[in-house]
Amino acid sequence: MGSKWTVADMPDQSGRTAIVTGANSGLGYDTAAALAGAGAAVVLAVRNLDKGREAVEGIKRSSPDAVVSLQELDLSSLDSVRRAADELRAAHPRIDLLINNAGVMYVPSRETTKDGFEMQFGTNHLGHFALTGLLLDNLRSVDGSRIVTVSSVGHRIMARIRFEDPHFETGYNRVQAYGQSKLANLLFTYELQRRLAAGGAPTIAAAAHPGFSDTELMRYIPVFVPDIVWKIFTQPADKGALPTLRAATDPGVQGGQYYGPDGIGEVKGNPKLVASSAQSHDEDIQRRLWTMSEELTGVTYPV
């Protein structure tokens, strides 16, 4: 393996089943396409089935032998998460990879999920928290299984979780709300890994971030950036997917690790092991967020 990890370094994924949320476009699509191209049976868990079907067709054009299927999933609805989890558990007793990729970013004005959660916190964190907990038994039965949650350099924007008002019912700030959701992704990953290890599970939890990737997720970025500058400081989605793919497939990955680009400021580049904020490693905050997430979602983990 070279010093610059690329898709060519991915081990053969034949015989493995991977579920990728938000896989109809952007980072999720490129993550799913690479896994399918390496032999995995990939489930695209998407909100929009029409776009999902287009994504399946695109993957099959690139990899005619790919095994790709669709699962309807709206992470902003706990009812949808529970339906999807029921169907996924039944269809896939063995789950090797769960890639918690889907997300929303910088929602301009305060919106809520169907369950009344602030949209970014509810979708990016709570939806994935619930889905992971509901699928965990199907992962824990598989040696070498992994849960990879996609965070962001934006986790450093928000220095804390607003436990007193996590849904920004007062003082909504779209950048802070996004930062809170991405910090929550890391707090969740580290607490989940500790619980899995304590229970002797063969599953590990890791995290990744894509740097600054040129995807639809950036459509609400709160400042105007000229196209020429944008192209210089971002990377295409297939490059942004590399940290997630490395966290999901590199045999050397350990539970609780975090991968991101190796360039200046982790903005772009090839994936390497990176550090996250001190706040994300605070075990008291991790446990407090976990308890709150169980209460809000009604999902209790078997670890």
Side-chain angles (χ1 to χ4, degrees), residues 1-16 18 20-23 25-40 42 58-59 61-63 66 96-101 103 105 144-156 182 185-186 189-190 193 204-218 225 227-277 280-281:
M1 183 181 296
S3 59
K4 297 287 188 180
W5 197 94
T6 69
V7 170
D9 294 306
M10 254 198 332
D12 179 40
Q13 298 297 298
S14 298
R16 307 189 83 197
V20 184
T21 69
S25 64
L27 298 168
Y29 175 85
D30 283 292
T31 299
L35 290 169
V42 182
I59 292 173
R61 280 195 298 270
S62 300
S63 303
D96 297 86
L97 294 173
L98 173 60
I99 311 292
N100 290 324
N101 161 83
M105 179 179 181
S145 56
R146 297 184 187 182
I147 298 159
V148 178
T149 300
V150 179
S151 184
S152 167
V153 290
H155 82 274
R156 297 180 183 274
K182 294 289 102 179
N185 288 153
L186 286 168
T189 295
Y190 299 149
Q193 172 56 32
I204 64 169
H209 81 80
F212 288 0
S213 296
D214 190 7
T215 70
E216 289 182 8
L217 194 64
M218 305 298 281
V225 181
D227 285 346
I228 188 170
V229 175
W230 186 251
K231 295 300 181 184
I232 291 172
F233 288 99
T234 62
Q235 60 185 355
D238 61 343
K239 197 72 178 287
L242 290 179
T244 299
L245 289 166
R246 184 169 190 179
T249 66
D250 187 337
V253 171
Q254 298 176 20
Q257 289 185 330
Y258 181 40
Y259 286 82
D262 63 2
I264 297 173
E266 299 172 20
V267 169
K268 57 199 297 187
N270 293 75
K272 71 169 186 176
L273 189 63
V274 296
S276 61
S277 67
S280 69
H281 291 284

Keeping [X] on the side-chain end and [Y] on the backbone end, is there a donor-acceptor pair under 3.5 Å?
X: H155; Y: S277; value: yes
X: Q193; Y: Q254; value: no
X: D96; Y: A18; value: no
X: K268; Y: P236; value: no

Heavy-atom closest contact ([X] atom, [Y] atom, distance):
X: L245; Y: A34; result: CD1-CB, 3.6 Å
X: G28; Y: V20; result: O-CG1, 3.8 Å
X: A207; Y: L186; result: CB-CD2, 3.6 Å
X: I147; Y: N100; result: CG2-ND2, 3.8 Å
X: S14; Y: D12; result: OG-OD1, 2.9 Å
X: L97; Y: A248; result: CD2-O, 3.3 Å

Taking only residues two or more places apart in sequence, or in another chain, which ones meet [X] in a side-chain hydrogen bond (donor to acceptor under 3.5 Å, both in side chains)?
X: D30; value: none
X: T244; value: none
X: S145; value: T203

Exercise answer: donor-acceptor pairs, residues 259-266 side-chain atoms, under 3.5 Å, sequence neighbours excluded:
{"residue": "Y259", "atom": "OH", "partner": "Q257", "partner atom": "OE1", "Å": "2.7"}
{"residue": "D262", "atom": "OD1", "partner": "N270", "partner atom": "N", "Å": "3.0"}
{"residue": "D262", "atom": "OD2", "partner": "K4", "partner atom": "NZ", "Å": "2.7"}
{"residue": "E266", "atom": "OE1", "partner": "H209", "partner atom": "NE2", "Å": "2.8"}

- Item | Separation between NZ of K182 and OG1 of T149, rounded to the nearest 0.5 Å |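 So the gap between those two atoms works out to 8.5 Å.
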
- Message: So, taking the atom named CZ in R146 and the one named CD1 in I99, what distance separates them when rounded to the nearest 0.5 Å?
- Response: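 So the CZ of R146 and the CD1 of I99 are separated by 9.5 Å.
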
- Query: Who pairs with T249 by side-chain contact (heavy atoms from CB on, under 4.5 Å), at least two apart in sequence or on another chain?
  - Reply: W5, M10, P11, Q13, L35

- Item | Partners passing side-chain contact (heavy atoms from CB on, under 4.5 Å) against A206 (at least two apart in sequence or in another chain) |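 side-chain contact (heavy atoms from CB on, under 4.5 Å) list for A206, sorted by chain: A247, V253.
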
- Task: Could you verify whether a donor N or O on one side chain and an acceptor N or O on the other, from S280 and Y258, lie under 3.5 Å apart?
- Result: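 Absent: no donor and acceptor within the cut-off.
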
